[in-house]
Student: 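Sharing a structure with you now.
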Amino acid sequence: MRDILLEPLPTEWEGRAIDPDFRHMVWLSNQYLRGRAKADPQGMAQEAVRRFYRDPVPPLEVPASFQAMLRFFTSGTETASSGKGSGGTATVSFDYAFDADYIVAAFQQAYGIDLTVTQMHWWRFRALFRALPEDTLMAKIMSWRSMDPSEMDGKTLIVP
């Protein structure tokens, strides 16, 4: 991953002009979470490439372009949406579609950013999302979802 403090955020990726807005990567994450990547991998990849790249990608170059886009998505880091729960299984602490209202509210509360109108680079969005203050409901929800129930002391969480 590039150092987002020292280098400009990319608007070109592996030789192609891109639209780095967070919405494309949120869409991609939702496609995987909802199983479309398995149900229609070619259709999903074609649509993802169409959304992400500014210029049309020739059909024969879609597979390589899609792989490049996935490298942009992770930018050399682990995905932010999962962690390891008990037994080594992945624990999903958020869902962009299900939690959209909470995410929008958290960005407004924490940063004064209205995600419904703001264009934001995916890497910046991800950095801000990872650093949501604990007093946002979204941060609390992610904490609750990632808790190991076997380590709780019997107290009940009351969810608003």
Side-chain angles (χ1 to χ4, degrees), residues 1 4 9-10 13 18-54 62-63 65-160:
M1 179 172 148
I4 65 172
L9 295 174
W13 189 252
I18 61 170
D19 179 356
D21 187 55
F22 72 95
R23 288 169 182 83
H24 307 306
M25 299 298 108
V26 167
W27 178 88
L28 180 65
S29 179
N30 286 339
Q31 298 307 298
Y32 274 98
L33 195 57
R34 304 283 176 293
R36 182 162 179 221
K38 288 183 181 178
D40 182 16
Q42 290 180 339
M44 194 272 302
Q46 289 171 345
E47 186 171 349
V49 164
R50 182 189 57 75
R51 289 169 174 264
F52 181 65
Y53 292 101
R54 293 207 181 269
V62 167
S65 297
F66 181 72
Q67 290 304 313
M69 184 186 63
L70 292 178
R71 287 189 290 277
F72 177 86
F73 179 87
T74 60
S75 61
T77 64
E78 292 182 34
T79 60
S81 63
S82 65
K84 292 293 180 183
S86 60
T89 59
T91 302
V92 176
S93 63
F94 67 91
D95 177 322
Y96 287 119
F98 185 76
D99 296 322
D101 291 347
Y102 300 118
I103 295 168
V104 167
F107 271 70
Q108 188 71 51
Q109 176 187 342
Y111 310 119
I113 297 172
D114 182 351
L115 290 178
T116 65
V117 297
T118 299
Q119 297 286 311
M120 185 184 307
H121 195 284
W122 168 242
W123 293 357
R124 179 172 185 243
F125 171 86
R126 209 169 58 166
L128 293 172
F129 187 77
R130 287 177 175 166
L132 283 173
E134 291 179 10
D135 66 335
T136 62
L137 184 54
M138 188 65 229
K140 290 176 185 177
I141 289 169
M142 290 188 298
S143 176
W144 296 333
R145 288 181 184 156
S146 61
M147 285 182 179
D148 184 348
S150 68
E151 295 176 5
M152 297 178 82
D153 62 3
K155 293 181 181 176
T156 303
L157 289 176
I158 298 175
V159 180

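If you're wondering where the values come from, they're calculated on a predicted model, not measured in any experiment.
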Student: Would one find more than 12 heavy atoms of other residues, nucleotides or ligands at under 6.0 Å from atom CD of Gln42?
Tutor: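 For Gln42, atom CD is not crowded (no more than 12 foreign heavy atoms under 6.0 Å).
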
Student: Quick check for you: to the nearest 0.5 Å, what is the distance between Leu137 atom CG and Gln109 atom CD?
Tutor: 8.5 Å

Student: Can you tell me if Arg36 uses its side chain to pair, donor with acceptor, with the backbone of Gln31 under 3.5 Å?
Tutor: no

Student: Should we count OH of Tyr32 as having more than 12 external heavy atoms under 6.0 Å?
Tutor: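 Counting neighbours around OH of Tyr32, more than 12 heavy atoms of other residues, nucleotides or ligands fall under 6.0 Å, so yes.
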
Student: Taking the side chain from Tyr53 and the backbone from Ser65, do they hold a donor-acceptor pair closer than 3.5 Å?
Tutor: yes

Student: Hey, is the main chain of Asp114 close enough, under 3.5 Å, to the side chain of Thr118 for a donor-acceptor pair?
Tutor: yes

Student: Taking it one step at a time, do Asp99 and Met142 satisfy side chain to side chain contact (heavy atoms under 4.5 Å, CB included)?
Tutor: CA-CA 10 Å; Asp99 296 322; Met142 290 188 298; over 6 Å; no

Student: Looking only at heavy atoms, which two atoms of Ala139 and Pro133 are closest? And how far apart?
Tutor: CB-O, 3.2 Å

Student: When rounded to the nearest 0.5 angstrom, what is the spacing between CE in Met147 and OG in Ser93?
Tutor: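 Between Met147 CE and Ser93 OG, I get 12.5 Å after rounding to 0.5 Å.
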
Student: Could you tell me whether the side chain of Asp95 reaches within less than 4.5 Å of the side chain of Asn30, counting heavy atoms only?
Tutor: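 The answer is yes, as the side chains (C-beta and beyond) meet within the 4.5 Å cut-off.
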
Student: Please give me the minimum heavy-atom distance between Ile18 and Arg54, naming the atom from each residue.
Tutor: O-NE, 2.9 Å

Student: What closest approach, in Å, do Asp19 and His24 show between heavy atoms, and which atom pair accounts for it?
Tutor: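 Shortest heavy-atom contact: OD2-NE2, 2.9 Å.
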
Student: From the options Phe72, Trp27, Phe73, select the one residue that forms a ring pair (Phe, Tyr, Trp, His ring centres under 6.0 Å) with Phe52.
Tutor: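 Of all the options given, the one that passes is Phe72.
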
Student: Which heavy atom in Ile113 sits nearest to a heavy atom in Met120, and how many Å separate them?
Tutor: CG2-CE, 3.7 Å

Student: Can you tell me how far CG of Leu9 sits from OG of Ser75, rounded to the nearest 0.5 angstrom?
Tutor: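 Between atom OG of Ser75 and atom CG of Leu9 there are 10.0 Å.
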
Student: Run the numbers on Leu28 and Met44 for side chain to side chain contact (heavy atoms under 4.5 Å, CB included), then give the verdict.
Tutor: CA-CA 9 Å; Leu28 180 65; Met44 194 272 302; 3.8 Å; yes

Student: Taking Arg51 first and then Asp21, would you say they form a salt bridge - that is, a charged N and a carboxylate O separated by under 4.0 Å?
Tutor: no

Student: Between Met69 and Trp13, does the side chain to side chain contact (heavy atoms under 4.5 Å, CB included) criterion hold? Intermediate values first, please.
Tutor: CA-CA 8 Å; Met69 184 186 63; Trp13 189 252; 6.0 Å; no

Student: Under the 3.5 angstrom rule, does the side chain of Tyr96 hit a backbone N or O of Ser29 as a donor-acceptor pair?
Tutor: no

Student: Starting at CG of Leu33, measure out to CZ of Phe94 and round the result to the nearest 0.5 Å.
Tutor: 9.5 Å

Student: Measure the acute angle between the ring planes of Trp122 and Phe125, then classify it against the limits of 30° and 60° as parallel, tilted or perpendicular.
Tutor: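 Rings of Trp122 and Phe125: parallel, under 30°.
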
Student: Given the rule in the side chain to side chain contact (heavy atoms under 4.5 Å, CB included) test, do Ile4 and His121 qualify, once you have shown the distances and angles that lead to the verdict?
Tutor: CA-CA 11 Å; Ile4 65 172; His121 195 284; over 6 Å; no

Student: Could you tell me the separation between the CZ atom of Arg124 and the OH atom of Tyr111, rounded to the nearest 0.5 Å?
Tutor: 9.5 Å

Student: Can you confirm if the aromatic rings of Phe22 and Phe129 lie within a centre distance of less than 6.0 Å?
Tutor: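 Centroid separation for Phe129 and Phe22: 6.0 Å or greater.
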
Student: Answer yes or no: is there a side-chain heavy-atom contact under 4.5 Å between Val26 and Ile103?
Tutor: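 Of all side-chain heavy-atom pairs linking Ile103 with Val26, none is under 4.5 Å.
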
Student: Give, for atom CZ of Phe107 and atom OG1 of Thr136, the distance between the pair rounded to the nearest 0.5 Å.
Tutor: 9.5 Å

